[in-house]
Amino acid sequence: MAPGLHKHFPMMAIKVNPQLGLLEALEGGRLIIRRLDVTANNLANVSTPGYRRDVLGFREVLMRKFPFRSPDDWRAFKEVTPKTDFRQGPLEHTGNPFDIAIGGEGFFKVETPNGIAYTRAGNFRLDAEHRLVTAQGYPVLADGAPIVIDPGLAKGGLTTLDNVRFQVDASGVIAIDGTEIGRLDVVTFSDPSALKKYGENLFVAKEGAQEMPVENPDLRQGYLEGSNVEPLVEMVKLIEIQRHFEAIQKSIQRLGDNTSRMIETYGRT
């Protein structure tokens, strides 16, 4: 430094935190584990009817590290915000009269022990009480209540679509031998983020969210909506996750080596 400059630019002590890089690497590892969990769960539900894949969003926020030291002691970190992709899945013809798919927007309403839930999975069946239920056994609602399909109402039983005994039209009207017995409740929400996953391929509404009936639903009897997971996309994500994990491993190793050298160097002084 030129003579006299120190009067205007006094020397400042530089604080080096050898653990900061390690903290950043560990944070990156935490995010990778979260990505791996979501991607693996998506792949596990490739064949689940009506399943909606999850995606992760990240935003950088400030977190106070040591509020008891200084009000200005902040550190940036990435916050994980999981979201659900509500795009339509492919429709597949099954020929099963109790398989019902929704073309376009909407959710079936079902009754669970913990209240009302919603699903896109239309792989229904009859339970021991002849109620139309989900694969998990939860009653499907029609006109606000569970619907009973009495086999005695149909001549020849409820076996295939060919005998046209059990019918569901595009608007959701259920009929037995041409006699209407109810209409499936198909509802939607103005903002899909008002729904959160409940488990068992069901959604529940967040507090304050209001459902709305779908005015012109498009139901397809004898069809199932598949998962909207794209296996190739998820497999590519797994490869990316593996590469990022390997990079973080190498970074942590280098940081450890650098810390050891610093300890060895400054320990001699």
Side-chain angles (χ1 to χ4, degrees), residues 42-54 84-112 116-127 130-149 154 158-176 178 180-190 192 194-195 197-205 211-231 233:
N42 285 341
L43 284 171
N45 287 280
V46 166
S47 301
T48 302
Y51 178 79
R52 291 294 183 262
R53 76 183 186 108
D54 289 320
T84 300
D85 179 1
F86 285 97
R87 288 182 299 173
Q88 173 101 32
L91 301 186
E92 178 185 357
H93 182 260
T94 66
N96 184 338
F98 294 112
D99 286 343
I100 305 170
I102 300 176
E105 67 172 338
F107 295 86
F108 297 109
K109 286 181 67 173
V110 301
E111 185 178 73
T112 76
I116 299 299
Y118 308 89
T119 187
R120 293 279 300 192
N123 52 329
F124 303 140
R125 61 182 177 84
L126 294 183
D127 67 4
H130 304 299
R131 298 178 303 177
L132 193 66
V133 298
T134 66
Q136 295 78 24
Y138 300 128
V140 181
L141 299 186
D143 300 319
I147 188 164
V148 177
I149 310 297
L158 304 170
T159 53
T160 68
L161 285 175
D162 296 333
N163 64 23
V164 294
R165 304 306 184 191
F166 171 73
Q167 294 177 301
V168 179
D169 69 12
S171 67
V173 172
I174 301 174
I176 300 293
E180 180 180 333
I181 61 173
R183 183 189 296 269
L184 289 170
D185 293 331
V186 182
V187 301
T188 189
F189 293 81
S190 57
L195 292 173
K197 288 190 173 182
Y198 172 76
E200 299 183 294
N201 213 8
L202 300 173
F203 294 89
V204 293
E211 66 178 44
M212 303 176 295
V214 177
E215 294 184 2
N216 297 299
D218 180 17
L219 302 189
R220 316 279 183 87
Q221 186 181 18
Y223 285 79
L224 270 184
E225 180 186 6
S227 166
N228 69 353
V229 174
E230 298 178 58
V233 172

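As the structure is a computational prediction, the values presented were derived from the model and not from experiment.
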*Asks:* Calculate, to the nearest 0.5 Å, the distance between atoms CG and OG1 belonging to N228 and T48 respectively.
*Replies:* 11.0 Å
*Asks:* Shortest non-hydrogen contact from P192 to S190?
*Replies:* CD-O, 3.9 Å
*Asks:* Are P146 and L141 packed together at the side-chain level, in the sense that at least one heavy-atom pair is separated by less than 4.5 angstrom?
*Replies:* yes
*Asks:* Closest heavy-atom contact between V148 and I181?
*Replies:*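 Closest approach of V148 to I181: O-CD1, 4.1 Å.
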*Asks:* Could you tell me if the ring centre of F189 sits under 6.0 Å from that of F86?
*Replies:*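 Centroid distance F189-F86: not below 6.0 Å, so no.
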*Asks:* If you look at every heavy atom in L219 and V168, which pair is closest and at what distance?
*Replies:*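 Heavy atoms of L219 and V168 come nearest at CD1-CG1, 4.3 Å.
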*Asks:* Using salt bridge (charged side-chain N to carboxylate O under 4.0 Å, His left out) as the criterion, point out the one residue from R120, R87, R220 that pairs with E225.
*Replies:* R120
*Asks:* What pair of heavy atoms forms the shortest contact from S227 to P90, and how long is it?
*Replies:*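 That would be O-CD, 3.4 Å.
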*Asks:* What pairs of donor and acceptor atoms, side-chain ones from residues 97-109 against any protein atom, are under 3.5 angstrom apart with sequence neighbours left out?
*Replies:*
unit_1, atom_1, unit_2, atom_2, d
D99, OD2, T94, OG1, 2.7
E105, OE1, T188, OG1, 3.3
K109, NZ, E211, OE2, 3.0

*Asks:* Measuring only between side-chain heavy atoms, which start at C-beta, is N42 closer than 4.5 Å to D54?
*Replies:* yes
*Asks:* For Y138 and E111, what are the C-alpha separation, side-chain angles and deciding distance, and is it a side-chain contact (heavy atoms from CB on, under 4.5 Å)?
*Replies:* CA-CA 6 Å; Y138 300 128; E111 185 178 73; 6.0 Å; no
*Asks:* OH of Y51 to NZ of K197: how many Å apart, nearest 0.5 Å?
*Replies:* 3.5 Å
*Asks:* Sequence neighbours excluded, which residues qualify as ring pair (Phe, Tyr, Trp, His ring centres under 6.0 Å) partners of Y198?
*Replies:* none
*Asks:* Can you list everything that forms a ring pair (Phe, Tyr, Trp, His ring centres under 6.0 Å) with Y223? Sequence neighbours excluded, please.
*Replies:*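 Partners of Y223 under the ring pair (Phe, Tyr, Trp, His ring centres under 6.0 Å) test: H93.
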*Asks:* Evaluate V110 against I116 for side-chain contact (heavy atoms from CB on, under 4.5 Å), listing each step before the verdict.
*Replies:* CA-CA 6 Å; V110 301; I116 299 299; over 6 Å; no
*Asks:* What's the spacing between R53 CZ and D85 CG if we round to 0.5 Å?
*Replies:*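 Taking CZ in R53 and CG in D85, the distance rounds to 4.5 Å.
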*Asks:* Show your working on side-chain contact (heavy atoms from CB on, under 4.5 Å) between E200 and T134 and close with a plain yes or no.
*Replies:* CA-CA 10 Å; E200 299 183 294; T134 66; over 6 Å; no
*Asks:* First locate atom CG of N201, then atom CZ of R52, and finally report the distance between them rounded to the nearest 0.5 Å.
*Replies:*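 Result: 9.0 Å between the selected atoms.
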*Asks:* Do NZ/NE/NH1/NH2 and the carboxylate oxygens of D127 and R125 come within less than 4.0 Å?
*Replies:* no
*Asks:* Tell me whether Q167 contacts the main-chain N or O of Q221 through its side chain, where contact means a donor paired with an acceptor under 3.5 Å.
*Replies:* no
*Asks:* Nearest 0.5 Å, what's the CG-CG distance between L202 and L195?
*Replies:*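 Interatomic distance, L202 CG to L195 CG, rounded to 0.5 Å: 11.0 Å.
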*Asks:* Count the heavy atoms belonging to other residues, nucleotides or ligands that lie under 6.0 Å from CD of E92, then report whether that count exceeds 12.
*Replies:* no
*Asks:* Identify the heavy atoms of P49 and L224 that sit nearest to each other, and give their distance.
*Replies:* CG-CD1, 4.3 Å
